> 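Please see the structure below; I have some questions.
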Amino acid sequence: MTSPAETGAAERDVVVVGCGPAGCAAAVFAARDGLDVAVFDRGRSSLARCAHLENYPGFPAGIDVGTLSDLMRAQAERAGCAVVDDLVESVERLGDSDADEPPFEVTLQEGEPVAARRVIAATRYDGEYLRGLDDDDAMFEVHDHAGETHEHFDREYADRDGTTPVDGLYVASPSDADRQAVTAAGRGARVGKRVVADARIDDGWWPEAAEGVDWVRREAELDGEWADRDRWVEWFDAEHADGPVDPDSARFARVREAAVDDALASYVDADEEAARTAAGHRALAERLDPDAVVDAHGPDALLGAMDDEAVAAYAADGGPDAPQADGGTR
């Protein structure tokens, strides 16, 4: 088999095909756990065909799909993903999944090939780029329509958590049960969590320890005994005393250290909570139409929130219609 070193392919822990709700959710969960994630997207998500999304939680008057797509892409990038405008043409196996090198090579329409340890298929197009990874009869299903035979990717090929018979290949593409954007996002999150758990298992964790929860909690909740790291160590030892790994082994100690670090890192103090809240509001505001912001809050509220010196300087310069040296306006 040809190795990534021989092909010159860049290496990634995870390649996600598609940045719709499913692909974005899977990518964010994987990247937030420290995996090196690349997302390849050409805007072919089913979401792009919607005129307006009315039933996605958190948007009382609905949300236009362009804004939602921009927000999802920005969230993936903020989590650490590389989001690339390119089309995946094929995914091929390079070797055994337990080899030191990534087992998949992802061929792109325009960019250089990428080697990946794991691939998440999160698009609703025909799945041809996966052909050859498994027996075609297993991956594709045939049906007759109007007297013609058609073949398409079997949406039920993957298990509920996205795992497939091909080690390292996951499917987050919405099945018939996950065709709504919100359920597609849920499927993607479930697949992303499975990828994180499997990556941890490859690193020596055991399944019961590898199942993590991605959340951020208030540091104030760490009261009493739980403010002490030793209490978390005691909890971990008790939780996994009867597990598959010897509690006195170096492996157990290493995983325990990482697990406790993860648990404690999920708590933030009041200042960090406020900073993250402000950053979240700012990221939303950057994608809102200025006129809509004025209509929603009123000019007095917006002027009141602005720095007085900035308002005065803006007024002194004549506002947006002030003449410029080149004859234009601001």
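Remember, it's a predicted structure, so these values are computed and weren't measured experimentally.
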> With no hydrogens and no angle check, is any side-chain donor or acceptor of Arg190 less than 3.5 Å from a backbone partner on Arg160?
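Side chain of Arg190 to backbone of Arg160, a donor-acceptor pair under 3.5 Å: yes, one is there.
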
> Which is it for Glu151 and Glu141 under the side chain to side chain contact (heavy atoms under 4.5 Å, CB included) test, yes or no, and what are the steps along the way?
CA-CA 6 Å; Glu151 186 180 54; Glu141 58 183 6; over 6 Å; no

> How long is the gap from SG on Cys24 to CZ on Phe29, to the nearest 0.5 Å?
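Rounded to the nearest 0.5 Å, the SG-CZ separation comes out at 10.5 Å.
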
> I'd like to know whether Asp64 forms a side-chain hydrogen bond (donor to acceptor under 3.5 Å, both in side chains) with Thr67, so could you lay out the CA-CA distance, the side-chain angles of the two residues, the decisive distance to 0.1 Å, and finally the verdict.
CA-CA 6 Å; Asp64 64 284; Thr67 299; 2.8 Å; yes

> Does this structure show an ion pair linking Arg256 with Asp261, if we count only N-O contacts that are shorter than 4.0 Å?
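Answer for the salt bridge query: no.
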
> For Asp134 and Arg93, what are the C-alpha separation, side-chain angles and deciding distance, and is it a salt bridge (charged side-chain N to carboxylate O under 4.0 Å, His left out)?
CA-CA 10 Å; Asp134 197 359; Arg93 287 196 66 85; over 6 Å; no

> Work out which heavy atom in Met72 is nearest to a heavy atom in Cys19; give both atom names and the distance.
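Looking at all heavy atoms of both residues, the closest pair is CE-O, 4.1 Å.
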
> So with a 6.0 Å cut-off around CG of Asp295, is the heavy-atom count from everything else above 12?
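Check passes, neighbour count above 12.
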
> Same cluster or not: Val142 versus Met139, using hydrophobic residues (I, L, V, M, F, W, Y) connected whenever any side-chain heavy atoms lie under 4.5 Å apart?
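No, Val142 does not connect to Met139 through the hydrophobic network.
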
> Examine distances only and state if a side-chain atom of Thr183 and a backbone atom of Gln180 form a donor-acceptor pair shorter than 3.5 Å.
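The answer is yes, because a donor-acceptor pair under 3.5 Å joins these two groups.
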
> Where is the tightest heavy-atom contact between Ala25 and Ala189, given as atom of each residue plus distance?
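Taking every non-hydrogen atom into account, CB-N, 3.6 Å.
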
> Val37 and Val15: same hydrophobic cluster, using ILVMFWY side-chain contacts below 4.5 Å?
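No, separate clusters.
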
> For Arg254 and Asp203, what are the C-alpha separation, side-chain angles and deciding distance, and is it a salt bridge (charged side-chain N to carboxylate O under 4.0 Å, His left out)?
CA-CA 10 Å; Arg254 180 175 65 83; Asp203 192 40; 3.4 Å; yes

> Any idea which heavy atoms bring Arg229 and Leu264 closest together, and the distance?
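Residues Arg229 and Leu264, closest heavy atoms: NH1-CD1, 3.5 Å.
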
> Apply side chain to side chain contact (heavy atoms under 4.5 Å, CB included) to Asp41 and Val84, showing your working.
CA-CA 6 Å; Asp41 181 68; Val84 183; over 6 Å; no

> Tell me whether Arg118 is salt-bridged to Asp202, with the criterion being a basic N under 4.0 Å from an acidic carboxylate O.
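So Arg118 pairs with Asp202 through a salt bridge.
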
> Under 4.0 Å between a side-chain nitrogen and a carboxylate oxygen: does that hold for Glu286 and Arg282?
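Looking at Glu286 and Arg282, the cut-off is not met.
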
> What residues, two or more places apart in sequence or in another chain, satisfy ring-ring contact (aromatic ring centres under 6.0 Å, His included) together with His297?
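Partners of His297 by the ring-ring contact (aromatic ring centres under 6.0 Å, His included) criterion come out as none, since no residue qualifies.
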
> Could you state the interatomic distance from CZ (Arg73) to CG (Leu68), rounded to the nearest 0.5 Å?
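Between atom CZ of Arg73 and atom CG of Leu68 there are 14.0 Å.
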
> I'd like to check the salt bridge (charged side-chain N to carboxylate O under 4.0 Å, His left out) partners of Glu54; sequence neighbours left out, ordered by chain and number.
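If we apply the salt bridge (charged side-chain N to carboxylate O under 4.0 Å, His left out) test to Glu54, skipping adjacent residues, there are no hits.
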
> Report, as yes or no, whether the 6.0 Å neighbourhood of atom CG on Asp135 holds more than 12 heavy atoms from other residues, nucleotides or ligands.
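Counting other residues, nucleotides and ligands, CG of Asp135 exceeds 12 neighbours.
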
> Both conditions, 6.0 Å and 45 degrees, for the charged tip of Arg117 above the ring of Phe104: are they met here?
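No, Arg117 does not sit over the ring of Phe104.
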
> Spell out, as yes or no, whether a donor-acceptor pair under 3.5 Å connects the side chain of Ser69 to the backbone of Val65.
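Such a contact is found between Ser69 side chain and Val65 backbone.
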
> When you measure from the side chain of Arg200 to the backbone N and O of Ala210, does any donor-acceptor pair fall under 3.5 Å?
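Between the backbone of Ala210 and the side chain of Arg200 there is a qualifying donor-acceptor contact (under 3.5 Å).
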
> Between Asp13 and Leu35, is there a donor-acceptor pair closer than 3.5 Å when you use the side chain of the first and the backbone of the second?
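Pair absent, no side-chain N/O of Asp13 close to backbone of Leu35.
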
> Restricting to non-hydrogen atoms, name the atom on Ala172 and the atom on Gly188 that form the minimum distance, rounded to 0.1 Å.
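Answer, listing the atom of Ala172 first, then Gly188: CB-CA, 4.3 Å.
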
> For a quick test of reading the model, state the closest non-hydrogen atom pair linking Ala158 to Arg187 and the distance between them.
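Of all heavy-atom pairs spanning Ala158 and Arg187, the closest is CB-NH2, 4.1 Å.
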
> May I ask you to say whether Arg131 pairs ionically with Glu128, meaning some side-chain N is under 4.0 Å from a carboxylate O?
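Salt bridge: yes.
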
> Could you walk me through whether Asp70 and Arg287 satisfy the salt bridge (charged side-chain N to carboxylate O under 4.0 Å, His left out) test, starting with their C-alpha distance in whole Å, then the side-chain angles of each, then the deciding distance to 0.1 Å, before giving a yes or no?
CA-CA 8 Å; Asp70 287 348; Arg287 287 163 176 80; 5.2 Å; no

> With side-chain contact (heavy atoms from CB on, under 4.5 Å) as the test, pick out the partner of Tyr170 among Thr164, Asp198, Val14, Asp161.
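The single option meeting the side-chain contact (heavy atoms from CB on, under 4.5 Å) with Tyr170 is Asp198.
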
> What do the steps show when you test Val311 against Leu303 for side chain to side chain contact (heavy atoms under 4.5 Å, CB included), and what is the final call?
CA-CA 8 Å; Val311 174; Leu303 288 170; 4.2 Å; yes

> Would you give the length of the straight line joining atom CG of Leu108 to atom CZ of Phe40, rounded to the nearest 0.5 angstrom?
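Atom-to-atom, Leu108:CG and Phe40:CZ are 4.5 Å apart.
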
> Would you call the rings of Trp232 and Trp235 parallel, tilted or perpendicular, where under 30° means parallel and over 60° means perpendicular?
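Judged by the thresholds at 30° and 60°, the geometry between Trp232 and Trp235 is perpendicular.
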
> Minimum heavy-atom separation for Gly18 and Thr123, please, with both atom names.
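Heavy-atom minimum between the residues: CA-CG2, 3.6 Å.
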
> Shared ILVMFWY cluster between Leu53 and Phe59, side chains joined below 4.5 angstrom?
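Yes, same cluster.
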
> Can you run down the ring-ring contact (aromatic ring centres under 6.0 Å, His included) pairs that involve residues 247-281, sequence neighbours left out, and say none if there aren't any?
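For residues 247-281: Trp206-Phe252, Phe236-Phe252.
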
> If you group Ile, Leu, Val, Met, Phe, Trp and Tyr by side-chain heavy-atom gaps below 4.5 Å, do Leu94 and Ile120 land in one group?
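Hydrophobic grouping puts Leu94 apart from Ile120.
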
> Show, in sequence, the C-alpha distance, side-chain angles and deciding distance for Glu273 and Arg217, and conclude whether the salt bridge (charged side-chain N to carboxylate O under 4.0 Å, His left out) test is met.
CA-CA 9 Å; Glu273 180 183 355; Arg217 304 184 71 173; over 6 Å; no

> State whether the number of non-hydrogen atoms from other residues, nucleotides or ligands found under 6.0 Å of Arg78 atom CZ is greater than 12.
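Not more than 12 within 6.0 Å, no.
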
> Run Asp86 and Glu110 through side chain to side chain contact (heavy atoms under 4.5 Å, CB included) and show every step you take.
CA-CA 6 Å; Asp86 208 341; Glu110 298 177 356; 3.6 Å; yes

> Report yes or no: do Leu302 and Leu288 belong to one cluster of Ile/Leu/Val/Met/Phe/Trp/Tyr joined by side chain heavy-atom distances under 4.5 Å?
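In one cluster: yes.
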
> Regarding Arg218 and Glu272, does a basic nitrogen lie under 4.0 Å from an acidic carboxylate oxygen?
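Between Glu272 and Arg218 there is no salt bridge, as every charged N stays at least 4.0 Å from the carboxylate O atoms.
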
